[in-house]
Amino acid sequence: MVKLSDDERAMLDGRDGAAVQKAMELLVRYADALGAEDFVYTNNVAGVPGSSPQWVKEYYAADGGDYRAVFSRFDLDSDEVVDVPRMNAFSCHLQGGMDPSMWQEQGMTEQAFANFQQDEAEVAAHGIQVLKTCTPYLAGNVPVMGEHCAWMESSAVVFCNSVIGGRTNCEGRESTSAAMLANRIPNFGFHRDEYRKGQHRVRVDVPVDSIFEWGMLGYFTGGAVEDTIPVLDGAISEQSLIRHKHFGAAAASSGGVEMYHMVGITPEAPSMEAAFGGAARGETFIYGPEERRAVYERLNSIGSSTDVDYVMLGCPHYSIEQIAEAARLIEGRKVNANAELWIFTSRAVKATAEASGYGDIFRAAGAKLMTDTCSAISQAVPKGTRVAALDSAKQVHYLPAMMGIEGWYGTTAECIDAACSGKWRGSLR
Ligand code: F3S
């Protein structure tokens, strides 16, 4: 049984009201299932608290069919419906299901949009920051090294653990909603030093120096080490926030990587010894020219027609630097009459993009800058899409399979070229 502090015991006994009590009950069950001995305090939680499509509300019709019902019965797994107060922890809402101004282009109904607006008003009224992004670290929530967080969203979790040195497991909707109320999460997994040690080595023998290459290396790494912790060393260079973002998202998609070390690069890996931290070293995987080509071919195995009708950029959500680059590449050009270009980012980054003039460049080119979601999450692609081009290994892993379309993986420049020409002309150089 998990040990409780006096404060935690009081929350469980109802001192802070019924919702906090239900949250603690859920967290105690969760901690016991994990075998956690105690809780850590967290004041940084990212989830999707209480948000749901209309059909979920209808499922809870007998309980009132509203935000309160969904939060109580679904998020807190409570037998009864309770009043939901403002959250106690610093809480953020991750990505959602549609763009707030371009939902019609995404094929959403008025009813779905009205439901989306209602949920968002509830989220804000409960003291939750409306970040609406899979990249909270680009939109105002940057943890510090060692900070205990409770985050959902695999690409954000792997970034938090690996690049920042924050500490979070890949939480679920229920545990994050409960943590928002109780400021607690089980002291298990990545919260503990002993679970943050490297398990396998990935030796990189070919130059990995661009977003495109970092994405491919991530995809290879996840496939090799699955859900363990890789330690990478070798010819990795030109690190940047964006490259880590693409590497981690790809590794979390092809495997279940939630943390990685890069020797001399990430904060908990000043040396190979430190990265493994005395733990037994598993296998060594080599990433050389053959492996690189095989990854490229795998990522492009679901493309056959070179007639591209959809280009999606922004998985994970684009940073302002990537938006600037996309604007540079498309300025003065036009999206082909047979194609659409949708670029996804957070509301915060979009505001900066608009202020910086990039919104005008995209509009002049016929491209759309969208927020809150992406094609995989919203399952929204332009009507009639058959062949997509993507600059994200994660998105090419998911979108074609989900939507029954073909997909190509390439550089941002190749994707923008495809949007403007309607043709895929990408290749491995
Ligand atoms: Fe984000 Fe969608 Fe990719 S929510 S990580 S852009 S699958």
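Order of appearance sets the numbers: ligands from 1, and atoms from 1 within every ligand. Nothing here was measured: the structure is a model prediction, and the numbers come from that model.
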Student: Does Ser72 use its side chain to pair, donor to acceptor, with the backbone of Ala69 at less than 3.5 Å?
Tutor: no

Student: Below 4.0 angstrom from a heavy atom of Ile377, which ligand 1 atoms are there? Numbered from 1 as shown, please.
Tutor: 2 (Fe), 4 (S)

Student: Considering only non-hydrogen protein atoms, determine which one is nearest to atom 5 (S) of ligand 1 and report residue, atom name and distance to 0.1 Å.
Tutor: Lys394 NZ, 3.4 Å

Student: Looking at Cys315, which atoms of ligand 1 are within less than 4.0 Å of one of its heavy atoms?
Tutor: 3 (Fe), 5 (S), 6 (S), 7 (S)

Student: Using a strict 4.0 Å cut-off to heavy atoms of Gln395, name the atoms of ligand 1 that fall inside it.
Tutor: 3 (Fe), 7 (S)

Student: Check this for me, if you would: do Asp75 and Arg173 make a salt bridge, where the nitrogen-to-carboxylate-oxygen distance has to be below 4.0 angstrom?
Tutor: yes

Student: Between atom 3 (Fe) of ligand 1 and Cys134, is there an N, O or S atom separated by less than 2.8 Å?
Tutor: no

Student: Do the rings of Phe247 and Trp214 sit parallel, tilted or perpendicular, given the 30° and 60° boundaries?
Tutor: perpendicular

Student: Over 60° means perpendicular and under 30° means parallel, so tell me whether Trp408 and Trp424 are parallel, tilted or perpendicular.
Tutor: parallel

Student: How are the rings of Phe344 and His317 set to each other: parallel, tilted or perpendicular (split at 30° and 60°)?
Tutor: parallel

Student: Run the side-chain contact (heavy atoms from CB on, under 4.5 Å) test on Lys368 and Ile343 for me, step by step, so that the C-alpha distance in whole Å, both residues' side-chain angles and the decisive distance to 0.1 Å come before the verdict.
Tutor: CA-CA 6 Å; Lys368 297 191 171 81; Ile343 303 169; over 6 Å; no

Student: Can you tell me how the ring of Trp151 sits relative to the ring of Tyr137, calling it parallel under 30°, perpendicular over 60° and tilted otherwise?
Tutor: parallel

Student: Pull out every atom of ligand 1 sitting under 4.0 Å from any heavy atom of Gly314, numbered as shown with elements.
Tutor: 6 (S)

Student: Which ligand 1 atoms are under 4.0 Å away from a heavy-atom of Gln95?
Tutor: 4 (S)

Student: Short list, please: which atoms of ligand 1 are under 4.0 Å from a heavy atom of Glu153?
Tutor: 5 (S)

Student: Out of all atoms in ligand 1, which are within 4.0 Å of some heavy atom of Cys374? Include the element for each.
Tutor: 2 (Fe), 4 (S), 6 (S), 7 (S)

Student: Closer than 4.0 Å to some heavy atom of Ser155 - which atoms of ligand 1 meet that?
Tutor: 5 (S)

